[in-house]
Student: 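Got a structure for you, written out below as structure tokens; questions coming shortly.
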Amino acid sequence: MRTFVLIVGSLIAAFGLRADTFAQNSSPGGWPTPNWNKPPITDASRKPPPRRSLAGMWGPAAGPGAGTQAGGVQLKPNNGKPENQLPYTPYGLQLYRSHKGLEGVDAVLPADGNDPRNLCEPLGVPRYNHYNLRLTQIFQDDYKVVLLYHYDNRWRIVWTDGRELPKLIDGGVEIAGEAREPRFFGYSVGRWIDDYTLEVQTVGTMPDDRVWLDSTGRPISDQARVTEVFRRLDSDTLEWSETIEDPKIYTRPWQTMKLPMRLHDPRTDIMEYYCSPVEQEIYNRTSGNGASVK
């Protein structure tokens, strides 16, 4: 397994919430740590959600391990069970077999892996949704929603100002007749289905030789259309789901995740969690190759 540098840092967010909305944290020096032991929400404690707002600091309701997804995407872990087999196209299956992941039913030993993550490449969309999804911060204004992912300190923009979703073409997207480049985070456009549900579509992601879907080596291509639905169930609960349509890799659309998220204190201090080439080199030199000896 890879190791990453974890250094305490500060990333304090203000979401327009009163300071007394959350219980005071007794952490020394006033630096609150994540609270993963929240009491269940009951009918008595449930509060109505704000209209058209996803803003806040969110973490998996079942705890940080629920968003790890080391064995594959949440709803379809790569464990060899028939119900979790994916509808690969012939090319998709060939591509999957060429990937050497360190997790899942077909995992290889560290020295034999070829995960782009091991080069500290950006994970891209949708893989950021499936790699150690822990505390995620969401900001928004009248024009956009911004997601701040914990891993690698990455941020992503979802436009909600009414702009059109770009048209997928070979090698990128087309906007108003002009070809644009593929991007690791693609081009994301959201629309409010109702006052508590935002649907986001993303196209124009990176090609299949640059990104994976998950840590088990499942592939995804630049022809993917990723649909996410953010549903605010109440003031403290957000349901984040995702469906992938990628005719180059899969014969039909399929759902990857449906993850309940709980609201956290916006003052919570978040540890830095990132990929360091120097740390990776040290790991490979001291442990990586030796771990490959059966």
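Predicted model only: the values in this text are computed from it and were never measured.
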Student: Membership question, hydrophobic clusters at under 4.5 Å side-chain separation (ILVMFWY): are Ile220 and Trp212 in the same one?
Tutor: no
Student: Nearest 0.5 Å, what's the CZ-OG1 distance between Arg52 and Thr160?
Tutor: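 Separation between the atoms: 9.5 Å.
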Student: How about Arg218 and Leu86: do any of their side-chain heavy atoms sit closer than 4.5 Å?
Tutor: yes
Student: Taking Leu54 as the starting point, is it possible to reach Val125 by hopping between hydrophobic residues whose side chains are less than 4.5 Å apart?
Tutor: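 Yes, because Val125 and Leu54 connect within a single hydrophobic cluster, where side-chain heavy atoms sit under 4.5 Å apart.
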Student: Could you tell me whether Glu228 and Arg156 have a side-chain N and a carboxylate O separated by less than 4.0 Å?
Tutor: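 Salt bridge: yes.
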Student: Starting at OG of Ser241, measure out to CG of Asn129 and round the result to the nearest 0.5 Å.
Tutor: 10.5 Å
Student: Are Leu238 and Tyr196 connected into the same hydrophobic cluster when the rule is that any two of I, L, V, M, F, W, Y join if their side-chain heavy atoms are below 4.5 Å apart?
Tutor: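 Each belongs to a different hydrophobic cluster.
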Student: Look up atom CZ in Arg51 and atom CG in Asp194, then write down how far apart they are to the nearest 0.5 Å.
Tutor: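 The CG atom of Asp194 is 10.0 Å from CZ of Arg51, to the nearest 0.5 Å.
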Student: Quick one: does Val229's side chain get under 4.5 Å of Thr197's, heavy atoms only?
Tutor: yes
Student: Between Gln69 (side chain) and Gln74 (backbone), is there a donor-acceptor pair under 3.5 Å?
Tutor: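 Yes: the side chain of Gln69 pairs with the backbone of Gln74.
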Student: State, with a plain yes or no, whether a side-chain heavy atom of Leu123 is found less than 4.5 Å away from one of Tyr149.
Tutor: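 Side-chain contact under 4.5 Å: no.
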Student: Applying a strict under-4.5 Å side-chain criterion to I, L, V, M, F, W and Y, I'd like to know whether Leu168 and Val226 cluster together.
Tutor: no
Student: Is the closest side-chain heavy-atom distance between Asn37 and Asn35 below 4.5 Å?
Tutor: yes
Student: Quick one: closest heavy-atom pair of Leu135 and Trp36, and the distance?
Tutor: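 That closest heavy-atom pairing would be CD2-CH2, 3.9 Å.
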Student: Determine, using ring centers only, whether His150 and Trp58 are less than 6.0 Å apart.
Tutor: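 Not under 6.0 Å, so no.
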Student: Should the pair Lys38-Asp236 be classified as a salt bridge under the 4.0 Å nitrogen-to-oxygen rule?
Tutor: no
Student: Less than 4.5 Å apart, any side-chain heavy atom of Tyr128 and any of Phe185?
Tutor: yes
Student: For the residue pair Asn78 and Tyr96, establish whether any side-chain heavy-atom pair is separated by less than 4.5 Å.
Tutor: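 Touching, per the 4.5 Å side-chain cut-off.
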Student: Side chains of Met257 and Val73, heavy atoms from C-beta outward: is any pair under 4.5 Å?
Tutor: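 When only atoms from C-beta onward are counted, Val73 and Met257 do not touch, as no gap falls below 4.5 Å.
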Student: For Asn114 and Lys100, indicate whether the former's side chain and the latter's backbone hold a donor-acceptor pair under 3.5 Å.
Tutor: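 Yes.
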Student: Below 4.5 Å, heavy atoms only, C-beta onward: do Arg117 and Tyr151 meet side chain to side chain?
Tutor: yes
